[in-house]
Amino acid sequence: MTGRRSEPSTALHVDWTRCRGRGLCTELFAERLARDEWGYPIARDGGATRDVPVRADELEAARDAVAMCPLQALRLVRR
């Protein structure tokens, strides 16, 4: 059986137990993240809040957000 393998998708996972809503990630990854009324990161499209989808062309910005998070509340995961 032959079939196309889909590319593994990546998501930016927000660990709510670590996040304190400082907002640096929303500045570094503004393509996908916005801030809620308390300053916590949410998906800009209003969709996923814990695992925000990341396109291949956005990986560098997502990696910057992960690396710069002062509380290590972000990580990239394959879905």
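Below, each value reflects all heavy atoms present in this structure, side chains not excepted, and no hydrogens, waters or symmetry copies. Since the structure is predicted, the reported quantities are computational estimates derived from the model, not experimental observations.
- Comment: Arg55 engages Glu58 in a salt bridge, judged by a side-chain N to carboxylate O separation of less than 4.0 angstrom.
- Taken to the nearest 0.5 Å, the SG atom of Cys25 stands 12.0 Å off from the CG atom of Asp64.
- Separation of atoms CG (Leu24) and CE (Met68) is listed at 6.0 Å; rounding is to 0.5 Å.
- In this structure, CD on Glu31 lies 11.5 Å from OG1 on Thr26, to the nearest 0.5 angstrom.
- Side-chain atoms of Arg32 do not come within 3.5 Å of backbone N or O of Val54 as any donor-acceptor pair.
- Between Leu12 and Val77, the closest side-chain pair of non-hydrogen atoms is not below 4.5 Å.
- Side chain of Arg75 to backbone of His13: no donor-acceptor contact under 3.5 angstrom is found.
- A distance of 10.0 Å separates CG of Asp45 from CG of Leu33, quoted to the nearest 0.5 Å.
- At a threshold of 4.5 Å between side-chain heavy atoms, the hydrophobic network of Ile, Leu, Val, Met, Phe, Trp and Tyr places Leu71 and Trp38 in two separate groups.
- For Arg35 (side chain) and Glu27 (main-chain N/O), no donor-acceptor pair under 3.5 Å exists by modelled atom type.
- Side-chain heavy atoms closer than 4.5 Å link hydrophobic residues (I, L, V, M, F, W, Y) into clusters, and following such links, possibly through other members, connects Tyr40 to Val66.
- Annotation: the span from Phe29 atom CZ to Arg44 atom CZ amounts to 10.5 Å, rounded to 0.5 Å.
- Atom CG of Leu76 sits about 6.5 Å away from atom CG of Leu59, to the nearest 0.5 Å.
- Using a 4.5 Å heavy-atom threshold, the side chains of Asp15 and Leu74 count as separate.
- The two atoms that bring Val14 and Pro41 nearest to each other are CG1-CG, 4.2 Å, heavy atoms only.
- Contact check for Pro53 versus Ser9: no side-chain heavy atoms found under the 4.5 Å cut-off.
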